[in-house]
Amino acid sequence: MAHEDDQHGQCLFEAPPMAEQERMIEAVLFASAEPVSLRELEARMPHGCDAGEAMVYLRKRYDGRGVQVVKVGDAYAMRTAADLGFLMQKETVEVRKLSRAAIETLAIIAYHQPVTRAEIEEIRGVSVSRGTVDQLLELEWIRFGRRKMTPGRPVTFVVTESFLDHFGLENARDLPGLKELRAAGLLENRPPPGSVPLLGDGDVDEETTEGQSELFED
Amino acid sequence: MAHEDDQHGQCLFEAPPMAEQERMIEAVLFASAEPVSLRELEARMPHGCDAGEAMVYLRKRYDGRGVQVVKVGDAYAMRTAADLGFLMQKETVEVRKLSRAAIETLAIIAYHQPVTRAEIEEIRGVSVSRGTVDQLLELEWIRFGRRKMTPGRPVTFVVTESFLDHFGLENARDLPGLKELRAAGLLENRPPPGSVPLLGDGDVDEETTEGQSELFED
Amino acid sequence: MADTTFEEDPVSVTERLAAEALIIDVDGFEGPLDLLLTLSRTQKVDLRKISVLQLARQYLAFVEKAKALRLELAADYLVMAAWLAFLKSRLLLPPDPTEDGPSGEELAAHLAFQLERLQAMRDMAARLMARDQLGRDFFARGQTHEVERTRKVTYTATLLDLMQGYARIRTRDEFRPFVMDRDAVFTMEQALERMRGLIGYAGEWGDLMSFLPEGWESDPVRRRSATASTFAASLELVKEGHLEIRQTDAFGAIQLRKKDQRDGA
């Protein structure tokens, strides 16, 4: 590596100590999305730094660790050690946004549980596809609840512990009601063009809340 | 692999040596942009690992380095040392400028949590606009908390782990000046004697008004 | 302004200038409490030692001045002014033993507490924002998707998605036209389709009511809906030139017949 120690002394500003330079390149490599070349590193570091020398120390420091400093072409990057790849499975899964239909179905189950499929369809105004329910069951966000004591004894759906876990809820009862959603700005109060807004929308919410707490009582 | 009869050490498969466990959590934390809890870590590691113990070693190893292992709520994350921020101009993401109202609301939620909307309004002396709460929810710095056990059962707001992560706090108890404020009685919900004019503008919705009158009731 | 005779301490020039500056910037205040907090700073004392009486005077003077300048003050500013006027009188007059409620001192103490608390929150907000922040002062791993070996699809949603989803359904519900009795509604589309099939046979004038679908004639609710939609569909067909329609007198029977093809399209 290029040794320019003799020049350091002639510098107007003294370069930071090598340990500090090592910290600097460590932080930059960590935070960069792309591999970084020595030239780029030096361009970012205070005047008189020697990224090459600091890199030697840094690479030695990470030798045998769970994270490695690897050379990629002319540049350097930090990577997890190849033998630990099996731990990274969670990073490799492709995370997709839940479809709108699934979110709405899930929301209805959370707010109205225990709820039957027919009730979900009534609230959504469209039929619920099998795939949607299957997906939510597979994610373990919903499960089958008790059968309803109505003709046909339909099964109901309820949300699971892992649902609460995922959404950071202690309790499905803590879900905000319509009025609260509106107050938080999550509910656009704009009626669709041409339709007449119904008055006294407050009652709707109260009913929901009451219904909810009633449903959740054990 | 799950053996029900596993007392610690009595495992069918021996856990990897501690140095290896340390490498593992190092790799996982490194690869994840989000904080990772000990439970998640252990779920990914081989059976019998003790992520908590490995974490003690790992944190010691990174002590004073350019990259730090920080605690965020119940989880851990790797972050660059704050004193090296000047090297990272390239990585700086343009943070949406928060309005003064949003910043104050955020501070009130952080210091008074769990806090209802009416309480925020009482402290700020003006009604909380929808956009403000909406914006903070979107940033995932606040979320809905447990309902208050007061008439109307209003929802509350609390700060999130992302909030802690963003401001480099280990937990909400580490908020600057929290102790002083508490000692000065400024975090108390002191009911006003008799009637003090309702603060905030007229078009607050019913819920809010209820909450407020509840605060103002003698 | 008018009651200077009652003022013990005359308003200094600087204070007056400050008040004027305030007035010009009246829109910049976030409500009366914010204004009171700003006014209290002119007292240049610890908020714990603030003179609420003096503050009340300052506020009332401010409101007077705003009125004199014909500035429109929001209602809550005026409510606060009225309350402070009341507080001022309570503080100045000896307590009336027959009167219920908290004393002027108690009310003043609470106002001082509110101001102190608001100021504290502002200080904390400033301290919070002055902290090192993620993505500004310290950074997360820049490259997060480095390992891509297995491809397993998982789905995610946030609580916000969930709540917005629910809100979406419920709002739609709220503004949905009345659809509860859907089974008793014969839509215009249905009527139009039915009429298109029937008009070929309507060579002679026939009563509108004879065109109603089967099973819709007896129940009044169903009959009303079917009549309305069949009538609307008929008008549509007249417009299209397929049908003629006539009514002999007001509230008389409405009659339909196929339009002669010679002058039709």
Side-chain angles (χ1 to χ4, degrees), chain B residues 30-34 68 70 77-85 88 91-93 95 98 100-101 103-104 106-108 110-112 122-127 137-138 140 143-144 165-169 175-178 181 184-187 190 192-202 218, chain C residues 29-37 48 74-76 79-84 86-87 100-103 105-107 109-111 113-147 158-160 163:
Chain B
F30 170 82
S32 170
E34 305 294 315
Q68 303 279 288
V70 297
M78 279 177 133
R79 300 285 180 249
T80 63
D83 66 311
L84 299 176
M88 244 66 73
E91 272 70 46
T92 310
V93 283
V95 185
L98 281 182
R100 177 176 140 174
I103 292 170
E104 276 181 30
L106 179 65
I108 292 169
Y111 284 87
H112 290 261
E122 145 87 359
I123 293 168
R124 291 199 66 231
V126 280
S127 64
L137 283 168
E138 230 165 82
E140 292 187 25
R143 63 175 176 84
F144 287 100
D165 194 17
H166 185 91
F167 291 99
L169 293 161
L175 281 164
L178 188 69
L181 287 188
L186 291 171
L187 299 183
R190 206 178 290 178
S195 68
V196 169
L198 282 183
L199 301 163
D201 62 28
D218 35 17
Chain C
F29 288 105
E30 289 201 72
L33 205 58
D34 186 26
L35 171 58
L36 276 168
L37 191 56
R48 295 191 161 219
D76 46 349
V79 172
M80 179 59 91
W83 184 79
L84 285 173
F86 161 77
L87 175 61
D100 293 338
S103 69
E105 276 72 25
E106 282 168 334
L107 294 172
H110 187 74
L111 181 62
F113 166 73
Q114 282 180 296
L115 291 173
E116 201 191 339
R117 185 174 58 181
L118 180 60
Q119 186 56 53
M121 280 301 114
R122 291 199 169 156
D123 295 344
M124 290 309 127
R127 280 176 76 172
L128 197 59
M129 297 319 278
R131 283 184 72 85
D132 291 331
Q133 292 181 37
L134 180 66
R136 191 188 77 181
D137 306 292
F138 61 94
F139 297 83
R141 174 83 181 116
Q143 190 184 32
T144 47
H145 301 293
E146 59 166 20
V147 196
T158 65
L159 186 59
L160 203 61
M163 294 185 304

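Lettering of chains follows the sequences in order, A, B, ..., and the numbering in each one begins at 1.
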Q: Measuring heavy-atom distances to chain C, does B:Ala81 have an atom under 4.5 Å in its side chain, in its backbone, in both, or in neither?
A: backbone

Q: Report which part of B:Ile108 has an atom under 4.5 Å of a heavy atom belonging to chain C: side chain, backbone, both, or neither.
A: both

Q: Would you compute the distance between atom CE of C:Met121 and atom CD1 of B:Ile123 and round it to the nearest 0.5 angstrom?
A: 6.5 Å

Q: Quick check for you: to the nearest 0.5 Å, what is the distance between B:Leu169 atom CG and C:Leu128 atom CG?
A: 7.0 Å

Q: Between chain C and each of B:Arg143, B:Met78, B:Arg79, B:Gln68, count heavy-atom pairs under 4.5 Å; write down the option with the most.
A: B:Arg79

Q: Among residues at least two apart in sequence or on other chains, which ones pass side-chain hydrogen bond (donor to acceptor under 3.5 Å, both in side chains) with C:Asp132?
A: none

Q: Non-hydrogen atoms of chain C under 4.5 Å away: do they reach the side chain of B:Phe167, the backbone, both or neither?
A: both

Q: Could you state the interatomic distance from CG (C:Asp137) to CG (B:Asp83), rounded to the nearest 0.5 Å?
A: 10.5 Å

Q: Looking only at non-hydrogen atoms, find the nearest pair between C:Ala125 and B:Ile103 and report the distance.
A: CB-CG2, 3.6 Å

Q: For a 4.5 angstrom cut-off between non-hydrogen side-chain atoms, does B:Arg190 reach C:Gln114?
A: no

Q: Check each atom of B:Leu175 against the heavy atoms of chain C and say whether the ones under 4.5 Å are side chain, backbone, both or neither.
A: side chain

Q: What's the verdict on side-chain contact (heavy atoms from CB on, under 4.5 Å) for B:Leu186 and C:Phe113, showing C-alpha distance, side-chain angles and the deciding distance?
A: CA-CA 8 Å; B:Leu186 291 171; C:Phe113 166 73; 4.1 Å; yes

Q: Using every non-hydrogen atom in the two residues, find where B:Arg124 and C:Leu118 come nearest and quote the distance to one decimal.
A: CA-CD1, 3.9 Å

Q: So what's closer than 4.5 Å to chain B heavy atoms on C:Leu160: side chain, backbone, both or neither?
A: side chain

Q: Of all residues at least two apart in sequence or in a different chain, which pass the side-chain contact (heavy atoms from CB on, under 4.5 Å) check with C:Arg127?
A: B:Pro176, C:Met124

Q: Is a donor on one side and an acceptor on the other found under 3.5 Å between the side chain of C:Arg131 and the backbone of B:Gly168?
A: yes

Q: Considering non-hydrogen atoms only, spot the tightest contact between B:His166 and C:Gln133 and give its length.
A: NE2-OE1, 2.8 Å

Q: Nearest heavy-atom pair of B:Gly125 and C:Leu33: which atoms, and what distance?
A: CA-CD2, 3.9 Å

